[in-house]
Structure formats: structure tokens, C-alpha cells
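Here is the structure we will look at.
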Number of protein chains: 2
Amino acid sequence: MNNPMVRRMEQYTRFSDEDRRLLDELVSQRQRHYAAHEDIVREGEHSPDIHIVLSGLACRYKLLENGNRQIMAFLIPGDPCDSEIFILKTMDHSIGAIAPSLVASVSGDVMKDLLLNRPGIALAFWWSTLQDEGILRERILDEGRRDAYSRIAFMIYEMLLRMRAVGIIGDTAFDFPITQADLADATGLTPVHVNRMLQRLRDEGLIATQGRRWTVLDIAGLQRAAKFEANYLHLDRARDEPESEAGKRLKGLI
Amino acid sequence: MNNPMVRRMEQYTRFSDEDRRLLDELVSQRQRHYAAHEDIVREGEHSPDIHIVLSGLACRYKLLENGNRQIMAFLIPGDPCDSEIFILKTMDHSIGAIAPSLVASVSGDVMKDLLLNRPGIALAFWWSTLQDEGILRERILDEGRRDAYSRIAFMIYEMLLRMRAVGIIGDTAFDFPITQADLADATGLTPVHVNRMLQRLRDEGLIATQGRRWTVLDIAGLQRAAKFEANYLHLDRARDEPESEAGKRLKGLI
DNA sequence: CGATCCATTGACTATCGTCAAACTCAGTGG
DNA sequence: CCACTGAGTTTGACGATAGTCAATGGATCG
């Protein structure tokens with residue numbers, strides 16, 4: 001079976017055949033399609049199931065009183081959405097589909113059973129949680145200390161790497177079915193400003209977009225735009241650590 | 001024993017006497033003082049121990065190539081710093097003391113033993129991780145969608161609640177040994193702008209500062225400044241949920 | 001009593017937000 | 001086949017929030 005969750009987690013661990021079989025079974029029992037903009041889990045709810053994105057694109061988001069939305073994380077195929085429900089009573093944020101998506105539901109009891117009896121699987125889920133936390137921290141760094149241009153570039157680069165990790169990508173082109181307004185909600189910018197930054201990235205020959213298909217034309221240039229390059233002021237340190245800090249960071253994280 | 005970690009975790013669970021004894025023992029074995037600005041764990045390292053802040057103030061941070069620093073989270077007494085070391089090879093961020101701090105070291109082996117054999121303790125640590133993740137998400141919301149004034153107000157209010165939860169607080173006054181430059185690194189602003197916003201909060205009678213001691217003079221006003229109030233456009237929903245979204249959020253989280 | 005670290009001020013700049021309108025394009029129905 | 005529609009993208013003019021730079025003031029500490 002072509003299980004994106006297994007593919008993602010195998011960046012970290014090698015599953016036994018039995019574990020892989022169990023995980024395949026896990027995501028194939030109950031599946032459901034969600035339309036674009038449909039909520040999968042809502043803030044304040046407690047769901048008896050956990051959800052895993054199999055195809056499409058979803059996100060974690062919160063709404064502010066004034067109707068503004070902040071997307072805190074994108075969920076791509078292979079990502080579990082809400083493994084915290086075993087501990088926390090209610091969700092402190094919502095999960096929504098951005099594009100039409102296929103999502104697996106797993107009963108919490110079945111999941112709990114797996115976590116208790118299959119240490120390999122439990123470890124992989126723990127790793128997944130920690131990776132998510134790393135991505136959250138990177139996002140804080142991004143919003144706090146990078147300008148709009150770098151932030152957009154960074155976002156695109158991160159999606160490229162993450163999609164590559166689960167194999168849903170053709171070399172440097174990938175489906176990222178998102179509107180500029182969604183991107184604005186994810187980066188903390190306005191749609192208008194996102195548009196301006198995308199134009200700049202296109203003008204500079206770094207990326208191209210045709211509909212929902214994004215192509216990275218110049219990976220090195222995109223890294224540079226995203227502030228991924230080693231700073232030449234730190235060259236002495238770079239002898240020991242040939243890669244830039246940010247480069248290592250994102251690789252370690254993805 | 002006066003164990004802030006136990007106090008913090010008992011917001012979530014009630015420890016058995018034995019668990020409490022074990023946790024008290026855990027943090028009293030090996031303790032060390034760190035000076036202000038001293039690193040406790042550095043990005044890229046792998047430490048055999050996990051660390052728990054007992055007094056003072058520390059933070060998770062990352063450095064950018066240009067020397068800019070982003071503080072991703074404050075660690076107050078009771079907070080474990082690096083429980084991820086069981087899974088991840090290296091830290092993807094650094095932990096540093098902001099003020100002189102007392103920190104407990106716990107050998108990873110001892111810790112692992114506890115997590116495997118004391119389910120009550122394992123659950124409490126898992127909860128702690130999830131709470132941290134919630135705080136990270138709230139920070140992303142903050143940086144993405146609130147202006148500087150609200151962001152500073154929010155930060156102060158969050159610290160008030162968190163300090164209250166571990167009991168290191170005199171009603172509405174608390175020690176928050178931080179410079180305006182640190183606050184700038186945590187909120188993604190410049191020190192100059194932080195200064196302007198603090199002046200505004202003081203002018204409006206919401207807070208007062210004497211050295212490192214912060215006093216909240218007007219809690220409701222501070223909540224309002226932090227955009228904690230229910231939005232009256234949502235009153236219909238507020239009938240079922242009398243609290244504001246943000247209010248619930250932070251309470252659920254703390 | 002300098003030295004140092006922080007806080008504060010002011011003048012100037014620029015990044016980004018706001019508003020509003022026009023444009024593109026795919027889908028729909030007469 | 002061709003308006004009609006609506007979602008999404010693009011443009012431009014303007015405004016405001018926050019950053020930059022540089023100097024001053026205040027407190028604490030050997």
C-alpha cells in the first residue's frame with residue numbers, strides 16, 4: 001500500500017513488516033473526503049478519533065474575534081492531525097481542509113492499543129509530534145525575524161522539502177493547492193502583500209506557478225531569498241560547519 | 001519539598017504520594033546555578049541529561065545568521081527544557097538562562113525509567129509537552145495577527161497566568177527579570193518599539209514596573225489590550241460560550 | 001567615579017496594510 | 001455560443017505601524 005504516513009515516518013525509523021501492515025490497515029479502515037474549507041476537527045471539540053491526511057491539503061488554524069485567521073501549520077499527506085486527543089480534553093485549535101482532501105479516521109481506542117503495544121509505532125508518533133513542534137518553532141522564528149519576501153520564499157522551500165519527503169512531488173514541481181489569501185493567513189501578511197512578494201519571486205526567476213502547480217526554478221536562489229545561505233561573516237565557523245545554521249535547521253527538522 | 005514542576009503538572013493531574021516523592025527526588029539530586037546569558041543546552045548538541053528550571057528564568061532561542069535572536073518560549077520554574085532528547089539526536093534550538101537560574105539535571109536513563117514505569121508521570125510529561133506546543137501555537141497567532149501593543153500586553157498577561165500557576169507570584173505582582181531587548185527578541189519587535197509600547201501600557205494605567213518587578217494594575221484592561229475580550233459581534237455564540245475565544249484558549253492552555 | 005548596561009527620546013525611513021477598482025479565468029446556464 | 005457569475009489575482013494610491021540611527025539619561029557596580 002502507498003501509505004504516506006509510513007513514508008513520512010520512515011525518515012525517522014524503519015518499521016517492521018508487522019508494524020507497517022498494522023499502519024496500512026490503520027489508515028485504510030475508515031476514510032472520508034472533505035471539501036475545500038470544510039472543517040475536519042473544530043476548536044473546543046473532543047473527537048473520539050484521530051485523523052490522518054492521505055491526500056490534498058489541510059491546516060491547523062485559529063480564528064481571532066475580528067474574523068482574522070491564522071494558519072499555524074500546513075498538514076500534507078502523511079501528517080496525523082490530532083494525536084493529542086488522548087491527553088487533552090478539547091482541541092485548542094481547528095483543523096480544516098484547504099483543498100479537497102482524503103482523510104483517514106482512526107478510533108482512539110485502536111490507536112491507544114497500538115501505542116501501548118507496538119513500541120516502534122509509539123516512537124514514530126512521538127517523533128512526529130516533536131517534528132511538528134520543531135516546525136512550529138521555525139515558524140515563530142520566521143514571523144518574528146524575517147521580512148515578507150524571505151518569509152514567502154521560506155514557506156515555499158519548506159513545502160518543497162516536506163512534499164519531497166513523502167514523495168508527492170515531481171523533482172522541483174509540486175501541487176500546492178492554496179490561494180494567496182491562504183498563504184497570507186499562514187505567513188501573517190495580507191493577500192495584497194503576498195501577491196507583491198510572489199511577483200518579485202517570479203520576476204527574479206526563482207519560481208513559477210501555473211494554477212495550483214508550483215515550480216521551483218532556482219533552488220539555490222530560493223534558499224538565498226529565504227535566508228538559507230551561510231553568512232560570510234561567519235566563515236570561520238563555517239569551516240567546522242559547512243552548512244548554514246538555517247540550512248541545518250530545516251534539514252534536521254525535515 | 002517545594003517542587004515547582006510538581007505544582008505545574010498538578011494543574012493537569014493528581015500525583016500519587018509515591019510519584020510525588022520520586023519527582024521531588026528527581027529534581028534534588030543534581031542542581032546547578034547558571035549565570036544570566038549562560039547557555040544551558042546549545043543547538044546541535046546532544047545532552048545525556050534533561051534539565052528542569054527550578055528558579056530564575058530561561059528561554060528557548062535560535063540565532064539567525066545576522067546575529068538576530070528569536071526567543072521562542074520562556075521557561076519559568078517548573079518547566080522541563082528538553083524532554084525530547086530521548087527521540088531526537090540533537091537539539092534544534094538552544095536553551096539559555098536569561099536571569100541567574102537554578103536548574104536541575106536529570107540523567108536520561110533515570111528519566112526514561114520513570115517514564116516507562118510510572119504511567120502517571122509519563123502522562124504528566126506528555127501533557128507538559130502538549131501544553132508547550134499550545135503555547136507555541138498561541139505565539140504564532142500573536143506574531144502573525146496582533147499588533148505590537150497587543151502582543152506586549154498578551155505576553156505580560158501570559159506570564160502572569162503562568163507564574164500564578166506555579167505559585168511564584170504575589171497576587172498581581174511578579175518577578176520577570178527581563179530586559180526590554182529580551183522582550184523584543186521574544187515578540188519579534190525592536191527594543192525601541194517595545195519601549196514605546198510599555199510606556200503606553202504604563203500611561204494607560206495597566207501595568208507598573210519597578211526594576212524587574214512587574215505589577216498588573218488593571219487586569220481587565222490588560223486583557224482588553226491583549227485582545228482577550230469577547231467580540232460583541234459574536235454575542236449569539238457567546239451565549240453558549242460566555243468566555244471570549246482567546247480567553248478560553250489561554251486558560252485551556254494554562 | 002568612571003564604566004557599563006538599560007531605558008528613553010526624537011527625527012527620519014520603509015515595510016507593510018488598507019481600500020477600492022479592474023482584470024482573468026473557469027464554470028454555468030440560457 | 002456567449003453573456004453571466006464568482007473566486008482569485010493584480011494594480012495603484014495612500015496611510016500607518018514599526019524599524020533605524022544616534023544621542024541622552026539613569027542606575028548599578030566594582
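The chains referred to below are lettered A, B, ... by the order of the sequence lines, with proteins before strands, and numbering in each begins at 1. Quantities reported herein were computed from a predicted structural model and do not represent experimental measurements. Note that these values count all heavy atoms, side chains included, but never hydrogens, waters or copies made by symmetry.
Annotation: side-chain hydrogen bond (donor to acceptor under 3.5 Å, both in side chains) contacts involving residues 49-58 of chain B, sequence neighbours excluded, comprise B:Arg30-B:Asp49, B:His51-B:Asp82.
Checking side-chain atoms of A:Asn3 against main-chain N and O of A:Met5 turns up a donor-acceptor pair under 3.5 Å. For the pair A:Glu43 (side chain) and A:Ser94 (backbone), a donor-acceptor distance under 3.5 Å is absent. Side-chain atoms of B:Asp39 do not come within 3.5 Å of backbone N or O of B:Arg42 as any donor-acceptor pair. Counting only distance, with no hydrogens or angles, the side chain of B:Arg137 and the backbone of A:Asp92 share no donor-acceptor pair below 3.5 Å. Between the side chain of A:Glu38 and the backbone N or O of A:Ala35, at least one donor-acceptor pair lies under 3.5 Å.
For the helix from C:dC1-D:dG30 to C:dG30-D:dC1, the angle separating the two terminal helix axes comes to 30°, with each axis derived from five pairs and the value rounded to 10°.
For A:Arg202, the side chain to side chain contact (heavy atoms under 4.5 Å, CB included) partners at least two apart in sequence or on another chain are A:Leu198, A:Gln199, A:Ile207, A:Thr209. For B:Tyr149, there are no ring-ring contact (aromatic ring centres under 6.0 Å, His included) partners two or more places apart in sequence or in a different chain.
Protein atom CD of B:Gln180 is 14 Å distant from nucleotide atom C1' of D:dA27, rounded to whole Å. One can place CZ of B:Arg145 at 13 Å from P of C:dC16, the figure rounded to the nearest angstrom. If you measure from atom CG of A:Asn68 to atom P of C:dT18, you get 8 Å, rounded to the nearest angstrom. If you take CZ of B:Arg146 and P of D:dT17, they are 17 Å apart, rounded to a whole angstrom.
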Problem set entry | Verdict with supporting geometry, A:Asp132 and A:Arg8, salt bridge (Lys or Arg N to Asp or Glu O under 4.0 Å) | CA-CA 12 Å; A:Asp132 286 349; A:Arg8 176 175 168 224; 3.5 Å; yes
Exercise. Does the pair B:Arg60 and A:Glu133 meet the rule for a salt bridge (Lys or Arg N to Asp or Glu O under 4.0 Å), with working shown?
Worked result: CA-CA 12 Å; B:Arg60 302 179 186 281; A:Glu133 222 182 287; 5.3 Å; no
Exercise. Does the pair B:Leu54 and B:Gln31 meet the rule for a side chain to side chain contact (heavy atoms under 4.5 Å, CB included), with working shown?
Worked result: CA-CA 9 Å; B:Leu54 296 179; B:Gln31 302 184 343; 3.3 Å; yes
Strictly under 3.5 Å: I want the nitrogen or oxygen pairs between protein and nucleotides 21-24 of chain C, one per line.
none

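Contacts with DNA chain C (heavy atom under 4.0 Å) in residues 181-206 of chain A: A:Gly188, A:Leu189, A:Thr190, A:Val192, A:His193, A:Arg196, listed by number.
In terms of phosphate contacts, B:Arg212 brings no side-chain nitrogen or oxygen within less than 4.0 Å of OP1 or OP2 of C:dC5.
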